[in-house]
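Everything below concerns the one structure shown next.
Everything numeric here is computed off the predicted structure, so don't read it as measured data. In what follows, every heavy atom counts, from backbone to side chain, and hydrogens, waters and symmetry copies are set aside.
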Amino acid sequence: MVTNWFNKTVEETISILKTNTEKGISAEEVKKKKEEYGLNELKAKKKKSLFIKFLEQFKDFMIVILIISAIISGIVGVLEGEGITDTIIILVVVVVNAIIGVAQENKAEKSLEALQKLSSHVAKVIRSGKLEVIPSRELVPGDIVILETGDYVPADLRIIEAINLKSQEAALTR
């Protein structure tokens, strides 16, 4: 559904989405559109395995330098008969650093998932002529959404009617 909705008039938008500004869409239409478009949520990326996360810890430039210095230290130690103690110590530090990095990354991912679950918003929509409050992930193209002061905008919307509309865009900047 690649349409430049901002270029369409309200009437064109209503016509294309086969909706009614007074009654919204019917339960049958909602079911059809959910099957066609899916839920109103971002697709989650495939999670990396712990092993891949562990290997990615060694991509950092400073870690590569430490590994190279450990190898050089080991070669010099063997050639001079001093052993490879320094090499082992450096490699142990690098591996421990990678383990800590993976643990922190996992904690951050779990915290983010918990925050996303907490911040699931609801939307007020008109469906079959009735005002309903639904989870925003249940929105489909053609839903008539009612926004009031303090409400979050639950999806990309086409404004049909506005009175004293103001928006706070601070949450959009990072």
Side-chain angles (χ1 to χ4, degrees), residues 1-8 17 30-125 133-143 145 147-159 165-174:
M1 178 184 235
V2 179
T3 304
N4 292 329
W5 296 105
F6 58 89
N7 285 334
K8 306 283 184 208
L17 293 175
V30 170
K31 188 175 179 182
K32 282 186 216 171
K33 289 185 178 191
K34 271 188 191 173
E35 288 172 5
E36 184 178 349
Y37 300 110
L39 294 174
N40 177 40
E41 60 188 1
L42 297 173
K43 302 286 186 237
K45 289 192 287 184
K46 184 181 173 189
K47 290 188 177 186
K48 298 175 187 171
S49 71
L50 280 176
F51 183 69
I52 298 296
K53 287 180 187 177
F54 181 74
L55 289 180
E56 286 179 347
Q57 297 296 316
F58 298 98
K59 285 183 179 178
D60 185 56
F61 181 70
M62 289 305 293
I63 299 297
V64 172
I65 288 177
L66 279 173
I67 292 171
I68 292 170
S69 65
I71 293 168
I72 292 171
S73 174
I75 292 170
V76 170
V78 168
L79 291 177
E80 293 184 4
E82 295 176 6
I84 56 170
T85 307
D86 291 343
T87 300
I88 293 171
I89 291 171
I90 293 171
L91 292 177
V92 166
V93 168
V94 168
V95 169
V96 168
N97 179 61
I99 292 169
I100 291 171
V102 169
Q104 286 179 328
E105 194 174 327
N106 278 343
K107 276 186 181 179
E109 282 179 4
K110 287 179 183 175
S111 296
L112 185 60
E113 288 171 5
L115 280 173
Q116 286 174 338
K117 287 179 185 175
L118 282 176
S119 68
S120 59
H121 299 290
V122 294
K124 289 175 263 193
V125 297
V133 178
I134 62 168
S136 60
R137 65 190 297 265
E138 299 288 326
L139 285 172
V140 295
D143 266 329
V145 179
L147 294 175
E148 295 173 350
T149 304
D151 286 350
Y152 286 93
V153 179
D156 290 346
L157 302 174
R158 177 67 167 93
I159 298 172
L165 175 66
K166 292 182 183 178
S167 67
Q168 181 182 13
E169 298 174 8
L172 299 177
T173 57
R174 291 184 183 192

**Chi angles and distances behind the side chain to side chain contact (heavy atoms under 4.5 Å, CB included) call for L66, V93** = CA-CA 9 Å; L66 279 173; V93 168; 5.6 Å; no
**Prompt:** When you look at F61 and I65, which way does the side chain to side chain contact (heavy atoms under 4.5 Å, CB included) test go after all the steps?
**Reply:** CA-CA 6 Å; F61 181 70; I65 288 177; 3.1 Å; yes
**Asked** How many angstroms lie between CD in Q57 and CG in N97, if you round to the nearest 0.5 Å?
**Response** 7.0 Å
**Message:** As a test of understanding, state which of V96, I89, V95 forms a side-chain contact (heavy atoms from CB on, under 4.5 Å) with V92.
**Reply:** V96
**Request:** Take K53 and N106 through the side chain to side chain contact (heavy atoms under 4.5 Å, CB included) test and state the conclusion after the steps.
**Result:** CA-CA 9 Å; K53 287 180 187 177; N106 278 343; 2.6 Å; yes
**Request:** Using a strict 4.0 Å threshold on nitrogen-to-oxygen distance, state whether K47 and E109 make a salt bridge.
**Result:** no
**Asked** What's the shortest heavy-atom distance between P154 and V145, and which atoms?
**Response** CG-CG1, 4.1 Å
**Asked** With distance as the sole test, does T87 use its side chain to make a donor-acceptor pair with the main-chain N or O of A70 at under 3.5 Å?
**Response** yes
**Asked** Measuring from D151:CG to S136:OG, what's the distance to the nearest 0.5 Å?
**Response** 11.5 Å
**Request:** Using the test side-chain hydrogen bond (donor to acceptor under 3.5 Å, both in side chains), find all partners of E35 that sit at least two apart in sequence or belong to another chain.
**Result:** none
**Prompt:** To the nearest 0.5 Å, what is the distance between CD1 (I68) and CD1 (I90)?
**Reply:** 12.0 Å
**Asked** Are N40 and P135 side-chain neighbours, meaning at least one heavy-atom pair lies under 4.5 Å?
**Response** no
**Fill in**
Here the pair of heavy atoms bringing F58 nearest to V64 is O-CG2, 3.5 Å
**Asked** Is the NZ atom of K34 crowded by more than 12 outside heavy atoms at less than 6.0 Å?
**Response** yes
**Request:** Kindly state each residue pair satisfying salt bridge (Lys or Arg N to Asp or Glu O under 4.0 Å) with at least one member in residues 81-106, sequence neighbours excluded.
**Result:** none
**Prompt:** Are the side chain of K33 and the backbone N or O of D143 linked by a donor-acceptor pair below 3.5 Å?
**Reply:** no
**Request:** Kindly determine whether E138 and V125 satisfy side chain to side chain contact (heavy atoms under 4.5 Å, CB included), including the steps that lead there.
**Result:** CA-CA 10 Å; E138 299 288 326; V125 297; over 6 Å; no
**Message:** Are there over 12 heavy-atom neighbours, none belonging to D156, within less than 6.0 Å of that residue's CG?
**Reply:** no
**Complete:** Heavy atoms of G74 and I84 approach each other most closely as O-CG2, 3.8 Å
**Item:** Inter-residue atom distance K124.NZ - L147.CG, 0.5 Å rounding
**Value:** 7.5 Å
**Asked** Taking all atoms of both residues into account, what is the closest heavy-atom pair of I99 and F54, and its distance?
**Response** CG1-CE1, 3.9 Å
